[in-house]
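Throughout, a chain's letter reflects where its sequence line sits, starting with A, and its residues are numbered from 1.
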Protein chains: 2
Amino acid sequence: MPSTILDVAALCGYSRATVTRAFSEPHLVKESTRNKVYEAARKLNYTPNAIAQAMPRMRTDNIAFILYEHQSPAFLNPFYAPILDAVVDMSHALGLSVIISSSADTRLPNGEIYIKKQVDGAILAGQINAELIDYFQHQHKPIVLLNNITRSEDRICLAIDDYSGSVQVVQHLIDRGHRRIALIQGNFSDHVMKGRRAGYVDTLRTNGLPVKAEDIFTIQADYEHAMGCFAEILDGRSKEDYPTAFYCTNDEIAVGIIKGVYRRGYSVPRDFAVAGFDDSILEDD
Amino acid sequence: MPSTILDVAALCGYSRATVTRAFSEPHLVKESTRNKVYEAARKLNYTPNAIAQAMPRMRTDNIAFILYEHQSPAFLNPFYAPILDAVVDMSHALGLSVIISSSADTRLPNGEIYIKKQVDGAILAGQINAELIDYFQHQHKPIVLLNNITRSEDRICLAIDDYSGSVQVVQHLIDRGHRRIALIQGNFSDHVMKGRRAGYVDTLRTNGLPVKAEDIFTIQADYEHAMGCFAEILDGRSKEDYPTAFYCTNDEIAVGIIKGVYRRGYSVPRDFAVAGFDDSILEDD
DNA sequence: CTGAAAGCGCTTACAG
DNA sequence: CTGAAAGCGCTTACAG
């Protein structure tokens, strides 16, 4: 068994309160006694028990990062990985630890939903269900939503501006002379798809270009499906009906389209323009 | 304040012990009373306090994943990201949570090293310092080392077989007819570099090929340095002295070399063969 | 099947 | 600057 504060107290001859203070608020303890405490602690290999500290403090210095994503695993997701990385970095700088949870939420025997681990707050990423959000609110734990739909006043929600991102991409393509721009959209959550498509549609219209249903494709957002989609487009129509540009609603799709282009002996950007969304690191490769 | 087990006990008229059991060992409680407990709990929005549970149980159901890596951030590292992902998946399946720590280890006021968060065990990835390993051993917490040098009997250590991986790569290149193979090695930890280089050197020798110092390069393991390295090689020698193949000790370097090849108007594998190490997802792009 | 009681290892007013 | 004491919210033998 690891030694406790009582063992240290016994060995150095001071009270438990003094031992605690020597570790938590060293300045409250006279230097000479502090050193005796430390010496005893070292002999006993004593280290504070974080969970025992957390209870009376009513604070854990833990936050949860809860990712809801069917598409792909947390850390391999090129959109969330850099975010998670930043979260961990900043948390450590603040003395917090990060607990990774999936949204495969725990349920109590009575059916109630809850997060097993005690945390002081949470970052909820993606289409987290409302029950879980309520759970945190009931516990009076602060949360930050990431890419969620909730627009309520009393919650912090960081999200991508899907609409204007789309507008910028499509306008850029039009400015480069493209008149026939295909939309290859991943099957993301409703509000994301809606926003990005609206940007596409509106921008075409603003520029006096027709919106053609046959140029809009919804696929599973990975590069294999994107490659398949590209092949189908070429096979399904004559050359003069080929789009000249592809606006993909994420970068993995864009990678797939580019691969498709090369597979068919074409080249980017010579034969087709391809634009993605997200600014993932994938673009570098 | 969130409600406690005592609130629930008061509301439903049973003792705290019964409330506990209704949640932790439901089968020990008569169904009718169990339901009354659940009803009271629901009314009060009660949820067990995980840290209070952990204390008498002497168990947290948490494990730490501690990554020591100067090279690049945890989740963006193409080698560790998939591992971390699998760790989290499996942990959740086992009812464990994962706490992410860096090896920017915490120190107590007395200089003693320790992990602030209470965990039942840990996975230590990379060149973790020995103090931290000792810490866990003193606490009698099980640990698994990942890619560490420690070869001691009483520790589990998963590692890449650097030597035979290298042998396979280099032999493959030789089998394809290459006689001049450059080694572009990342500045990884000593034992990794040593193992991979030994595989390279030995395989050249076994095949009766000369080992040339000017064909061995040590660089920072990112694709930019790799690109630069490639350019330098070409600039520094005449065409007949070009290596025909590049064995890179990780995939990021290989990506950089490939980029370098194309920048110079050459092509892979037509003009140069390029091989990496790690089987990262990067290879797909 | 249920309850009373001791205990998990620490913290924090309150005194002195 | 130090200590005695109550408390954090739960669990678990031990009885009944």
So, applying side chain to side chain contact (heavy atoms under 4.5 Å, CB included) with A/Ile66, which one of A/Ile143, A/Ile99, A/Leu132 is it?
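When A/Ile143, A/Ile99, A/Leu132 are each tested with A/Ile66, the side chain to side chain contact (heavy atoms under 4.5 Å, CB included) holds only for A/Leu132.
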Protein-nucleotide distance ([X], atom [atom1]; [N], atom [atom2]), rounded to Å:
| X | N | atom1 | atom2 | result |
| --- | --- | --- | --- | --- |
| A/Tyr14 | D/dC1 | OH | C1' | 10 Å |
| B/Glu31 | C/dT2 | CD | C1' | 17 Å |
| B/Leu28 | C/dT2 | CG | P | 10 Å |

Could you walk me through whether A/Val29 and A/Val37 satisfy the side-chain contact (heavy atoms from CB on, under 4.5 Å) test, starting with their C-alpha distance in whole Å, then the side-chain angles of each, then the deciding distance to 0.1 Å, before giving a yes or no?
CA-CA 10 Å; A/Val29 179; A/Val37 172; 5.7 Å; no
Check whether the side chains of A/Asn250 and A/Glu252 place a donor and an acceptor atom closer than 3.5 Å, and report yes or no.
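No - no donor-acceptor pair under 3.5 Å links their side chains.
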Check whether the side chains of B/Thr218 and B/Asn187 place a donor and an acceptor atom closer than 3.5 Å, and report yes or no.
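The criterion, which ignores hydrogens and geometry beyond distance, is not satisfied for B/Asn187 and B/Thr218.
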Annotated protein contacts, base or backbone, on nucleotides 9-16 of chain C with a non-hydrogen cut-off under 4.0 Å, one of B, S, - each:
BBBBB---
Stepwise side-chain contact (heavy atoms from CB on, under 4.5 Å) check, A/Phe65 with B/Ile100
CA-CA 10 Å; A/Phe65 185 96; B/Ile100 304 298; over 6 Å; no
In the strands shown, is C/dA15 matched to any nucleotide by a Watson-Crick or G-U wobble pair with both distances under 3.5 Å, and which?
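Check on C/dA15: paired to D/dT2, both distances under 3.5 Å.
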Is any side-chain N or O of A/Thr18 closer than 4.0 Å to OP1 or OP2 of D/dG3?
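It does, given that an N or O in the side chain of A/Thr18 lies less than 4.0 Å from OP1 or OP2 of D/dG3.
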For B/Asp61 against B/Arg59, the heavy-atom pair lying closest together:
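That closest heavy-atom pairing would be OD1-NH1, 2.9 Å.
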